[in-house]
Amino acid sequence: MKIKRLLSQLVSDSIIESQVSKKLPTIDNFDVIIDRPKIAEHGDFSTNIPLVLAKKCKMSPQKIADIIIENISLNKSLSYVAFANPGFINFFIKNDYFYDELKKIQSQGLDYFKNTLGRKQKLQLEFVSVNPTGPLHVGHARGAVIGSSLYKILKLSDYYVEREYYINDAGNQMRLFNQSLIERIKELINENYHIEDISYPGEYLIDLAKDVSKKLSLSKGSQLNSKNLEKIISLALSITINNIKNTLEKLNVKFDSWFNESNLLDDNFFQKIVKKLSDDQLVFIKDEAKWFKGTKLGLEDDIVVIRSDDGGPTYFGTDLAYHYNKFLIRKFDKVINIWGADHHSHVSRIYSILKAFEINNEKLEIILNQIVNFKNDGNSLKFSKRNNVLVTIDELIDEVGVDACRFIFLSRSPDTQMDFDLKLAKLQSSENPVYYVQYAYARMCSIIRTAKTKQINFSNANLNILTHNDEINLIKKLTQLPEIILKCAQLRQTHHITNFSMELAKLLQKFYESCRVISDKEEEKHLSASRLRLVENSRLVLGYILEIMGMSKPEKM
RNA sequence: GCCCCUGUAGCUCAGUGGAUAGAGCAAUGGUUUCCUAAACCAUGUGUCGCGUGUUCGAUUCACGCCAGGGGUACCA
C-alpha cells in the first residue's frame with residue numbers, strides 16, 4: 001500500500017513542479033488516485049489524472065501525461081512509466097520491490113497485513129442476537145458468519161472490537177415461549193392435559209420440556225407452583241442459550257459479551273430512561289400506553305414504549321435503554337449492528353433514538369443482510385416454527401459442513417438475496433470453491449513436508465532468482481492482501497476476501513504446475529530453496545486468509 | 001400507498017466513473033513414470049432489466065419505468 005502512496009506523491013510533486021515552471025496551468029486541488037489496471041500489459045499501477053485534468057487545463061491528456069512523466073525519475077522500485085490512450089499513466093514496478101515485500105511478509109507475519117483505519121476506536125459489533133426461543137435456524141447463519149469474519153478484519157484494522165450477542169430475554173416473545181413451555185410440561189406431568197393452542201408448537205419444545213422436567217425432578221403427578229415455575233423458566237433459558245452457544249461455537253462464531261435485555265430493567269434503568277425522555281417531551285401517554293414521539297424526530301409514526309396491557313416495555317422500549325447503554329454508559333465510539341433484512345423497519349427508529357439522545361448518527365452503522373432463500377433441489381423451503389419446517393444450523397453443518405457453509409455466506413455481498421440450495425451445496429461439495437482454496441493450502445503443506453524430510457534449508461534463500469512469470473505473479477498477489485483487508489474493513493464487507501482467496505489459490509496452482517519446487521539436481525539446489533521460501537510464505541498468507549474466513553486449514557486432503 | 005434490497009453468461013454470484021465486463025459451477029476435448037489429478041490446459045456464451053439525464057467517458061452516478069424479494073404491530 002505504501003507504493004501507492006509513493007506513486008501518488010511522485011505524480012503530485014511532478015504536477016506541482018510543472019505548475020511552478022508554468023508548463024501546466026495552476027489548478028487548486030487535484031487528487032491523484034492510483035489504481036491497479038486489470039490487464040498486465042498496463043503495468044502494475046496506473047492513474048487517470050491526465051483525463052481528470054484535461055478539461056481544467058484545457059490541454060490534451062497526452063500532453064499533460066508527457067509533462068507529468070518528464071519530471072518522474074525512475075528509482076529503486078520504479079522501472080518504467082508510460083502514457084497509454086485515452087489518458088492513463090501506467091507504472092511498471094521492479095521485481096526487487098516485490099522481493100523486498102515478500103521478505104517483509106516473512107519477518108512481520110500478520111502485522112504486514114494490518115492497517116490503521118480504526119485509529120484505536122472502541123467498536124462494538126453486535127450480531128446474531130436471536131431470541132432465546134429455540135435453536136438457531138439456517139436463516140440466522142448468514143449474519144453469524146459475516147459478523148465473525150468482519151470481527152477479524154476490523155481487528156486487523158486497528159479497532160478495539162467487542163463482539164456482543166443481545167439476549168432478548170424480557171420481551172413478549174419470551175413470555176409466549178415460556179407459556180408454551182409450561183403447557184408442554186403440564187402435558188408431561190398430567191396425562192389428561194390437552195394443549196389447545198400454543199405460540200411455539202415446535203418439537204424442540206417437547207424435548208426442552210422433558211429436559212427441564214428431568215433436571216427439576218418433575219414427573220407425573222407433580223404440581224406446578226410459583227416457586228418451581230420460576231425455576232423452570234430460568235433453567236429453560238439457560239439451556240436454550242447454551243444450545244445457541246454450542247451451535248455458534250461449531251460454526252466458528254464467538255462472542256466477547258452476552259448482554260441480557262433483562263439487565264436493562266435492573267435498578268429501574270429502563271424507567272429512568274423513559275423518565276428522562278418524558279422530561280424532554282419525547283415520551284407521552286396515550287390509550288394507557290407510553291409512546292415515543294418519533295414524529296417529532298422525523299419519523300412517520302410514534303412508537304409504543306410501554307404496553308398498556310401489562311405495563312411491560314416493548315422491544316423498541318428496551319432498545320432505547322440498550323442504545324443509551326451502548327453509547328452513553330459503555331461509551332463505544334462506534335457500533336455496528338448486523339441485522340436480517342426483516343428488521344429493516346427498525347433502522348430509522350434506532351436512528352431516532354440517537355437523535356433523542358443527541359448522539360452523532362455516524363457512530364451507528366447497520367448492516368442489513370438480505371434474506372437467504374433456502375432451497376432443496378430447487379424447491380424453496382419456507383421456514384416456520386409453527387409448521388415445524390425448520391432447518392437448524394446444526395443440521396446445516398451436518399449436511400454441508402462448516403467450511404463450505406461459511407465460504408458460501410462469506411462470498412456474497414450482504415445486499416444480495418442469495419439462494420442456498422442444500423442439495424446443490426452437498427452435491428457440488430467436491431467441486432466447491434472452498435475446497436479449491438483449501439486444496440491449494442494442503443498442497444503447499446505437502447511440499448514443505450517433503451522439503452523437511454529432505455532437510456532442505458530455505459528460510460534465507462535468495463529470492464532474486466525467482467523470475468518465472470508464475471512466481472512473480474504469485475509474489476505480487478501476496479503483497480496485495482493488505483489492500484483487500486483495508487477494503488473489507490472500509491466497506492464492512494467480507495466477500496472481497498473470499499474472491500481474493502480464490503485468485504490466490506489459482507495462482508498457487510499455476511505456480512505448482514509450471515514451477516517444480518523440490519529438485520534433487522545439484523544445479524537446481526538454489527532455485528529449489530528459493531521456491532521453497534516462496535511456498536512457505538504463500539502457505540502462511542493463505543493460512544491467514546483461511547483464519548479470517550473462519551475455516552479450517554487442512555494440511556492433507 | 002410508503003420504505004429498503006436485487007435485476008450482469010445456461011445456473012450461483014463478483015466487479016467498476018475509464019483502457020478488451022469477470023469467477024465458480026455446468027458443457028466439450030485433452031493432460032498423470034515427477035513435490036497431492038479435490039489439479040492443470042484448451043474451447044464458447046453477454047442488448048450489464050428498459051428509458052432519459054449528468055459526464056470527455058455510465059454496466060457503475062441521478063431520475064423515471066418494469067420485474068422479483070423483504071418490510072410497513074401495544075412481535076422481536
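Order of the sequence lines fixes the chain letters, A, B, ..., with proteins taken first and strands second; residue numbering starts at 1 for each chain. These figures come from a predicted structure and were not determined experimentally.
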Exercise. Answer with base, sugar-phosphate or nothing: what part of the nucleic acid does A:M418 contact at a heavy-atom distance below 4.0 Å?
Key: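 Answer is sugar-phosphate: A:M418 comes under 4.0 Å of backbone atoms only.
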
Quiz item: Is the NZ or CZ atom of A:K293 positioned over A:F284's six-membered ring, under 6.0 angstrom from the centre and within 45° of the axis?
Solution: yes

Quiz item: What dot-bracket string describes RNA chain B from 5' to 3', counting Watson-Crick and G-U wobble pairs whose defining distances are under 3.5 Å, with [ ] for crossing pairs and | for pairs to another strand?
Solution: (((((((..((((....[...)))).(((((.......))))).....(((((..]....))))))))))))....

Quiz item: Is the closest basic N to carboxylate O distance between A:K63 and A:D66 below 4.0 Å?
Solution: no

Self-check item: Strand-adjacent residues in residues 297-308 of chain A, judged by heavy atoms under 4.0 Å from RNA chain B
Solution: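 Listed by number, they are A:E300, A:V304, A:R307, A:S308.
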
Nearest to the side chain of [X], heavy atoms from C-beta on, is which of [options]?
{"X": "A:T416", "options": "B:A14, B:G15, B:G70", "result": "B:A14"}
{"X": "A:P86", "options": "B:A38, B:A19, B:A23", "result": "B:A19"}
{"X": "A:I39", "options": "B:C13, B:U20, B:A76", "result": "B:U20"}
{"X": "A:Q370", "options": "B:G24, B:A14, B:G69", "result": "B:G69"}

Does a side-chain N or O of [X] approach OP1 or OP2 of [N] to a distance below 4.0 Å, or not?
{"X": "A:Y439", "N": "B:A38", "answer": "yes"}
{"X": "A:K506", "N": "B:G24", "answer": "yes"}
{"X": "A:S46", "N": "B:A19", "answer": "no"}
{"X": "A:K510", "N": "B:C40", "answer": "no"}
{"X": "A:H343", "N": "B:C75", "answer": "no"}
{"X": "A:Y436", "N": "B:C40", "answer": "yes"}
{"X": "A:Y512", "N": "B:A37", "answer": "yes"}

Practice problem: Measure the distance between the ring centre of A:H42 and the centre of the six-membered base ring of B:A19, then answer whether it is under 5.5 Å with planes under 30°. | Solution: yes

